[in-house]
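Below: one structure, written as structure tokens.
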2 protein chains.
Amino acid sequence: MMKKYTIKDIAQLAGVSKGTIDRVIHNRGNVAKDVEDKVKQLLADIDYQPNLIARNLKNNRIYQIGALLPDPKKDAYWEVCSDGIQQALSEFSAFDIRLNTFLFDPTDTKSFMEHHELLLDSAPDMILMVPLFYKEAKTVLEHYKALNIQVCTFNNQIDASIASFIGQDLYQSGRVAAKLMHSIIDKGDMAIIHIDEKYKNAVHMQEKEKGFKSYFDDLDGFTDDILKCKIRYTETEDKLRDFLKDHPNLTGIFVTNSKAFHVARLLESENKGHIKLVGYDLLSENVHYLKDGVIDFLIHQNPRQQAYLGLKFLIENLVFEKDIPGKHLLPIDIINSENVTPFLRA
Amino acid sequence: MMKKYTIKDIAQLAGVSKGTIDRVIHNRGNVAKDVEDKVKQLLADIDYQPNLIARNLKNNRIYQIGALLPDPKKDAYWEVCSDGIQQALSEFSAFDIRLNTFLFDPTDTKSFMEHHELLLDSAPDMILMVPLFYKEAKTVLEHYKALNIQVCTFNNQIDASIASFIGQDLYQSGRVAAKLMHSIIDKGDMAIIHIDEKYKNAVHMQEKEKGFKSYFDDLDGFTDDILKCKIRYTETEDKLRDFLKDHPNLTGIFVTNSKAFHVARLLESENKGHIKLVGYDLLSENVHYLKDGVIDFLIHQNPRQQAYLGLKFLIENLVFEKDIPGKHLLPIDIINSENVTPFLRA
DNA sequence: TCATAAATTGTGCTCGAACACAGTAATGCG
DNA sequence: CGCATTACTGTGTTCGAGCACAATTTATGA
């Protein structure tokens, strides 16, 4: 039963004062070589761990964290992020963490850049952000790096070398969707549907598509068609209806983001409930169609947990000097009508 | 931008000394009625939150926690618990938490009681336990309650009123299994297989069975048979082989605990790979058959997370006086061959 | 009225780490 | 040798909450 050593204990053991121990621990110099060696050896021998509580008692500075996030009013997918952020803040309420949140329009790169400027003006110690637009995010992240500001990104990955990332392996999540689809459909055509403003900037949707296709490529003797359809958000309904009309043999549809409910709505109104549907995220409309049986599976990207972990990593680095993992992959949760409920609670 | 108030600030605001504030906060009496009211009002107005760091600095006692857990050497299901426990301990390494672990044989109620006695002798402040055997656990829990020792149970629930519980809704997890099975099987017979020493004491397996059946009961016009088969652990293979022979129309099997790999092994060797198989837990053998396609889905009960949360709740109650939730339900994770990997990492 | 008890309030120390600053010993240089 | 400079070491205060105890005010009774 090992005792917990304090600086005072070590000072006594080494026959010096606690000031000297402190100088050794923090390499602040002004210590005789032989004493330093002796103390260092002692510290190693007893595996000294400083009391983080006492350390932070003195360190009562106010930490400023900036958050650059998509506006949930523009896309409900982002709504739950604030829950995760609140959870992290309350968990570390013992410390004085000030969070400045800047919400940008997820359909507008200009809005992203504008709010980035505002964020910079707020002089944050660290930054939490969703790098939604590849090109702009890369520029911004390089800017932060030059300023030596630690950044945590989540939801989609830009560049492993430039900022810490929390999220799912999107390629693999495409494979999960494919596996699910494969297990529930009979023979027939399958379609991948992308519903968004700008497909080209949305690397995450392309990754999911690649993963989805790779699964079927790996199957021996699988030759059915995988169709592809890109739809801009504003023209969703008409385009979708045309697409369904053009492909009467469809038996399965994979929607690569949280917009599966648009497809579900149409399938229901056109009595095409036999078409299997796999999509993403627990938006209330998606959950509704999941419970109704129109959507068969949803993959949960858990933006709430992503935001929570991102903020937690930043705070733990600030107050405990913990390392921030370069990449933290969340599990890919499979949701059906029976297990959805516990995932909805905050 | 609200300031963080300390006891000193409040003392100044109220025009009294910090000692008086402290007496009011802790209801230690010896405060004039009018002063007490005034200070209480002030505390409420500014929503005073004590600095937990400073509070615990003084409170440097050693906390003893006892753990009564199944021996992982007897059942690999329990192996990952120690990871979760280690994680909780390292997260709270700033506090002096001593954990005494007592491992009992999960097939032997006598072993459970013996180790319970040993646990009591160690004079724990709090207890973490897996109440594997209903009758014995109930006795033991009442004993702890009489001694006023806080207990966290996980994996299976005994009695909501008697101890805190962390785990899955087992009835609902049976329904999840049923929904999965329903989505992947064609017409044909289904079987629920229980593989364990003592079925009667294993309420959790009965709950899963009830949930599974209830799903199909809710379906209109579903009339196929749901067979049932209880197998003792020692006689698994022969009994299983007979059962398969007796029911040649089987298309789906649901195994109610982590022993699905026994069935998978047999299905593979008898070339009955077309029979769909749904089971529980990410034991390495299960994962192997999942990747091979013999097992279609596994439900992840996440014993690692259960143990982690249980210990975390206990510690947070000890050091932060946080409330322990009476019941904490974990999500019911659906696992297939494509999303299993991230769930395996510690 | 005054002594004394009772009620109320203030002061000062503790926890462990961090750090400023005071204090002491060793060395250099004229 | 003596004084200054460097090299090293020890002391004391701070952070916020908690608590023991001292100090003060108020009430009570002879």
Side-chain angles (χ1 to χ4, degrees), chain A residues 2-40 42-43 46-63 92-97 318-322, chain B residues 2-40 42-43 46-63 92-97 318-322:
Chain A
M2 53 182 180
K3 185 182 158 4
K4 268 226 160 164
Y5 290 93
T6 72
I7 262 190
K8 226 164 97 188
D9 298 324
I10 294 160
Q12 207 160 16
L13 285 170
V16 292
S17 75
K18 67 198 180 82
T20 301
I21 305 296
D22 185 68
R23 276 182 285 268
V24 173
I25 289 174
H26 295 89
N27 289 309
R28 283 201 266 111
N30 291 324
V31 180
K33 191 77 182 67
D34 57 333
V35 176
E36 180 172 350
D37 290 345
K38 186 177 161 193
V39 171
K40 277 192 168 162
L42 198 55
L43 288 171
I46 63 175
D47 185 32
Y48 169 72
Q49 298 297 126
N51 184 327
L52 297 177
I53 292 173
R55 170 176 288 176
N56 278 289
L57 180 60
K58 187 62 186 283
N59 193 13
N60 58 344
R61 57 172 290 210
I62 300 168
Y63 297 104
F92 291 92
S93 58
F95 308 93
D96 218 341
I97 312 283
L318 282 174
V319 300
F320 297 141
E321 283 162 22
K322 265 204 197 179
Chain B
M2 50 176 184
K3 183 181 157 6
K4 269 228 159 163
Y5 290 95
T6 71
I7 264 191
K8 224 163 100 190
D9 298 325
I10 294 160
Q12 205 159 19
L13 286 170
V16 292
S17 75
K18 70 197 181 82
T20 301
I21 306 297
D22 185 67
R23 275 183 286 270
V24 172
I25 289 174
H26 295 89
N27 289 309
R28 284 202 266 110
N30 291 324
V31 181
K33 190 79 183 66
D34 57 332
V35 176
E36 181 172 349
D37 289 345
K38 187 177 160 193
V39 171
K40 275 191 170 164
L42 198 57
L43 287 171
I46 63 174
D47 185 32
Y48 169 71
Q49 299 295 128
N51 184 327
L52 297 178
I53 291 172
R55 170 177 287 177
N56 278 288
L57 180 58
K58 185 62 182 281
N59 194 11
N60 57 345
R61 54 173 290 210
I62 299 168
Y63 298 104
F92 291 93
S93 59
F95 307 94
D96 216 341
I97 311 283
L318 282 173
V319 300
F320 298 140
E321 283 162 24
K322 266 205 199 178

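Lettering follows sequence order; numbering is per chain, from 1. Bear in mind that the values here come from a model prediction, so they are computed numbers and not experimental data.
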**Fill in**
Note: A:T6 and A:D9 closest approach over all heavy atoms is N-OD2, 2.8 Å

**Message:** Reading DNA chain D from 5' to 3', where do the contacts with chain B start and stop? Cut-off is 4.0 Å to heavy atoms.
**Reply:** D:dG16 to D:dC19

**Nearest-0.5 Å distance that lies between atom CG in A:D96 and atom CG in A:L318** = 12.0 Å

**Request:** For A:L43 and A:Y5, run side chain to side chain contact (heavy atoms under 4.5 Å, CB included): C-alpha distance rounded to whole Å, both residues' side-chain angles, the deciding distance at 0.1 Å, then the answer.
**Result:** CA-CA 10 Å; A:L43 288 171; A:Y5 290 93; over 6 Å; no

**Message:** How many whole angstroms separate atom CD of A:Q49 from atom C1' of C:dA17?
**Reply:** 14 Å

**Request:** Show your working on side chain to side chain contact (heavy atoms under 4.5 Å, CB included) between B:K18 and B:R23 and close with a plain yes or no.
**Result:** CA-CA 9 Å; B:K18 70 197 181 82; B:R23 275 183 286 270; over 6 Å; no

**Item:** Contacts of type side-chain hydrogen bond (donor to acceptor under 3.5 Å, both in side chains), residue A:D37, not counting sequence neighbours
**Value:** A:K33

**Complete:** Between B:N30 and A:G19, whichever has its closest DNA chain C nucleotide further toward 5' is B:N30

**Prompt:** To the nearest 0.5 Å, how far apart are CG in A:L57 and CG in A:L52?
**Reply:** 12.5 Å

**Message:** Let's see if you can work this out: which of C:dC21, C:dT8, C:dG10 has an atom nearest to the side-chain heavy atoms of B:T20?
**Reply:** C:dG10

**Complete:** When rounded to whole Å, the CZ to C1' distance for the pair B:R23 and C:dT8 reads 7 Å

**Message:** Looking at every heavy atom in both B:Y48 and B:I7, which two are closest together, and how far apart are they?
**Reply:** OH-CG1, 3.6 Å

**Request:** Determine to 10° how strongly the helix from C:dT1-D:dA30 to C:dG30-D:dC1 is bent, judged from the axes of its five-pair ends.
**Result:** 70°

What nitrogen or oxygen pairs link the protein and nucleotides 13-16 of chain C at under 3.5 Å?
unit_1: C:dT14; atom_1: O2; unit_2: B:K58; atom_2: NZ; d: 3.1
unit_1: C:dG16; atom_1: N2; unit_2: A:A54; atom_2: O; d: 3.2

**Asked** What residues, two or more places apart in sequence or in another chain, satisfy ring-ring contact (aromatic ring centres under 6.0 Å, His included) together with A:Y63?
**Response** none

**Request:** Go through the structure and list residues passing salt bridge (Lys or Arg N to Asp or Glu O under 4.0 Å) with B:K40, not counting sequence neighbours.
**Result:** B:E36

**Request:** Over all heavy atoms of both residues, which pair between B:I21 and B:V39 is shortest? Give the atoms and the distance, please.
**Result:** CD1-CG1, 3.8 Å

